[in-house]
Amino acid sequence: MTDPRLERLLAAVPGLRLKTDPADLEHYGRDWTRRWMPAPLAVALPGSVEDVQGIVRWANETGVALVPSGGRTGLSGGAVAANGELVLSLERMNRVLAFDAVDRTLAVQAGVPLQVAQEAAASHGLAYPVDFASRGSATVGGSIATNAGGIRVVRYGNTREWVAGLTVVTGAGDVLELNRGLVKNSSGYDLRHLFVGSEGTLGVVVEATLRLTDPPPPTNVMLLALPSFEVLMQVFAAFRERLQLEAFEFFTDVALRHVLAHGAQAPFAETHPYYVVTEYATGDEREEAAALAAFEHCLENGLVLDGVISQSDAQAAQLWRLREGITEALARYKPYKNDIAVRVSAMPAFLAETQALLAQEYPQFEVVWFGHIGDGNLHINVLKPDAMENDAFVAQCEQVTKLLAGALQRHGGSISAEHGIGLVKKPYLSSTRSAAEVAVMKGIKQVLDPNGLMNPGKVFDA
Ligand code: MLT
Ligand code: ZN
């Protein structure tokens with residue numbers, strides 16, 4: 001290792017592990033976007049809060065920028081290190097620290113994978129209800145940094161609701177203990193919430209105290225086939241009125257075709273244009289009758305064409321695979337991802353407008369619609385034709401995203417529902433956040449990260 005800055009880092013943080021192999025720089029320098037060429041200076045793997053603090057102090061002395069890094073499953077370029085930054089990976093800080101049965105909380109280091117936190121909660125007879133398909137690789141710290149949503153938001157809300165306390169190292173090198181796991185705390189600004197969704201731009205989340213809840217009720221999974229997009233929100237209303245929904249997700253036939261090509265089993269003999277997979281509580285006969293009533297109501301009113309109810313855990317998993325397998329099945333097409341949100345009540349009007357808009361603007365591309373429709377969150381993935389250069393493809397997609405941003409402005413929505421702004425959505429931040437809001441964000445960053453070293457260039461340019 002010849003770089004004097006790294007020699008100085010090792011001297012300042014004894015015991016720090018550093019990786020500088022080209023293969024490691026590439027691996028740790030990118031996330032699932034695969035759009036930028038990774039080019040970090042090195043990868044640091046601290047083992048303690050003190051190590052992280054030492055790294056941040058070193059960054060302030062040397063001027064080297066830091067990119068905090070979790071499981072790098074992000075879809076907006078938030079964890080990309082393409083400009084000689086030091087990647088600060090929380091990979092070694094992966095311990096569950098404590099469970100408190102009275103507070104119903106789980107304290108973890110930020111590098112704990114989401115699934116490990118879920119399993120630790122379950123081993124104490126409780127649940128950590130944040131859940132999404134990349135649960136095995138995504139970390140708790142990364143999910144906090146993006147305020148991750150996922151498949152159970154319709155029932156439990158976003159990550160933010162489940163963070164009882166945070167320990168962070170700010171960009172200035174201070175260690176802050178935020179909210180201390182309290183249920184009630186009316187003592188000034190709640191700085192914890194500033195760090196939730198801050199995408200590593202204010203500091204590094206090093207530990208979190210997660211709120212736990214009762215284990216989920218027994219559930220069933222139902223797959224519905226729908227005749228049109230227009231009926232989607234009516235089906236949602238019919239099911240929500242009669243059942244306690246744990247999840248309500250939609251996808252198109254195009255999405256299904258890709259998942260089937262990836263090895264999943266076809267759910268129906270015929271194909272249908274739209275599908276919904278829903279999971280609902282079903283502890284007793286009354287709930288089962290309510291599920292059937294919801295289905296029959298939809299069938300009689302022409303809102304659904306067919307349906308299947310899981311008869312076993314294995315079948316439930318099979319039905320879920322049809323939805324959860326979409327991202328993986330599409331990955332080989334390097335999709336351009338839109339992750340947008342409007343209020344659920346605004347969804348019908350927004351859907352009508354965007355469907356027409358995208359049909360007109362994307363005639364040359366395959367467009368895959370799916371998402372957490374019960375939360376007002378749509379994923380619109382545009383697939384890159386194999387023969388097309390990536391830059392030209394992205395440039396064309398961005399023209400359409402501008403139009404989409406206009407529609408979101410009109411319908412009061414957001415350009416990022418749950419993936420974050422990162423690099424991908426930075427040009428559109430102003431479409432859904434006012435100039436005054438962005439100015440406040442910049443002011444906050446200036447206080448917590450005075451030298452602009454924390455994940456620079458992500459979310460906005462300072
Ligand atoms: C999902 O819900 O599957 C992901 O957030 C969406 C995506 O891959 O675009
Ligand atoms: Zn999603």
Side-chain angles (χ1 to χ4, degrees), residues 30-35 70-79 114-115 129-139 142-143 145-160 197 199 232 246-252 254-259 262 264 275-279 317 319-342 344 347 354 358 362 365-384 393-394 397 400-401 404 413-425 428:
R30 64 184 185 191
D31 62 9
W32 279 7
T33 47
R34 301 288 188 270
R35 200 196 293 177
R72 294 176 302 286
T73 56
L75 299 166
S76 289
L114 175 61
Q115 191 168 349
V130 173
D131 195 21
F132 43 86
S134 58
R135 60 183 76 76
S137 331
T139 62
S143 63
T146 46
N147 187 23
I151 56 176
R152 305 206 178 264
V153 172
V154 72
R155 167 92 167 97
Y156 296 103
N158 297 292
T159 298
R160 183 182 299 288
E199 301 188 42
L232 194 52
E246 299 283 312
F248 194 91
E249 301 274 315
F250 116 100
F251 50 96
T252 60
V254 187
L256 180 65
R257 267 197 280 117
H258 284 283
V259 180
H262 219 69
Y275 301 93
V276 158
V277 62
T278 179
E279 185 168 328
L319 296 178
W320 261 120
R321 184 178 173 193
L322 302 175
R323 163 63 184 91
E324 289 207 299
I326 298 173
T327 299
E328 203 184 322
L330 299 183
R332 83 160 202 80
Y333 299 96
K334 294 204 164 97
Y336 181 88
K337 287 178 180 289
N338 294 290
D339 162 43
I340 57 184
V342 293
V344 177
M347 193 47 99
T354 41
L358 296 194
Y362 275 140
F365 297 139
E366 188 169 28
V367 182
V368 188
W369 297 65
F370 59 105
H372 319 284
I373 200 76
D375 318 327
N377 177 189
L378 275 176
H379 295 307
I380 305 171
N381 280 215
V382 189
L383 307 193
K384 188 179 85 57
F393 170 66
V394 169
C397 290
V400 183
T401 297
L404 210 48
S414 172
I415 194 72
S416 175
E418 58 171 9
H419 295 170
I421 294 293
L423 291 170
V424 175
K425 295 289 147 48
Y428 314 101

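Counting from 1, the numbers follow the sequence of the chain as shown. For ligands, and for the atoms within them, numbers begin at 1 and follow the listed sequence.
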Open item on the list: Could you tell me if the side chain of Leu378 sits less than 4.5 Å from the side chain of Val342, heavy atoms only?
Closed with: no

Task: Contact atoms of ligand 1, heavy-atom distance to His419 under 4.0 Å - done: 4 (C), 5 (O), 6 (C), 7 (C), 9 (O)

Task: the Zn ion (ligand 2) reached by His419 (N, O or S, under 2.8 Å) - done: no

- [ ] Give the atoms of ligand 1, by number and element, whose distance to some non-hydrogen atom of Leu75 is under 4.0 Å.
- [x] 7 (C), 8 (O)

Task: the Zn ion (ligand 2) contact by Asp339, N, O or S atom under 2.8 Å - done: no

Task: Leu322 side, atom CG; Phe370 side, atom CZ - distance, nearest 0.5 Å - done: 13.5 Å

Open item on the list: For Asn381, which part has a heavy atom under 4.0 Å from ligand 1: side chain, backbone, both, or neither?
Closed with: side chain

Open item on the list: In terms of relative ring orientation, are His419 and His379 parallel, tilted or perpendicular, with 30° and 60° separating the classes?
Closed with: parallel

Task: Thr327: numbered ligand 1 atoms lying under 4.0 Å from its heavy atoms - done: 1 (C), 3 (O), 4 (C), 6 (C), 7 (C), 8 (O)

Open item on the list: Against ligand 1, does Phe132 come closer than 4.0 Å with any heavy atom?
Closed with: no

TODO: Using non-hydrogen atoms of the residue, decide whether Ile326 is closer than 4.0 angstrom to ligand 1.
DONE: no

Open item on the list: Tell me whether the rings of Tyr333 and His258 are parallel (<30°), tilted (30 to 60°) or perpendicular (>60°).
Closed with: perpendicular

Task: Exam field: side chain Arg332 to backbone Leu330, donor-acceptor pair closer than 3.5 Å - done: no

TODO: Mark yes or no for whether Asn158, through its side chain, and Arg160, through its backbone, hold a donor-acceptor pair below 3.5 Å.
DONE: no

TODO: Mark the output for Glu418 as yes if a heavy-atom distance to ligand 1 is under 4.0 Å, and as no if none is.
DONE: yes

- [ ] For His372, take its heavy atoms, then give the atoms of ligand 1 lying under 4.0 Å from any of them.
- [x] 2 (O)

Open item on the list: Just by distance, no angles: are the side chains of Tyr275 and Glu249 close enough, under 3.5 Å, to form a donor-acceptor pair?
Closed with: no

Task: Numbered atoms and elements of ligand 1 in range of Arg323, under 4.0 angstrom, heavy atoms - done: 1 (C), 2 (O), 3 (O)

- [ ] Give a yes or no on whether the backbone of Ser137 and the side-chain of Ser134 come within a donor-acceptor separation of less than 3.5 Å.
- [x] no

- [ ] Would you indicate whether the side-chain heavy atoms of His372 and Arg323 approach each other to under 4.5 Å?
- [x] yes

Task: Nearest-neighbour protein heavy atom for atom 9 (O) of ligand 1, which is reported as residue plus atom name and distance - done: Lys337 NZ, 3.1 Å

Task: Glu418: its N/O/S atom lying closest to the Zn ion (ligand 2) (atom name) - done: OE2

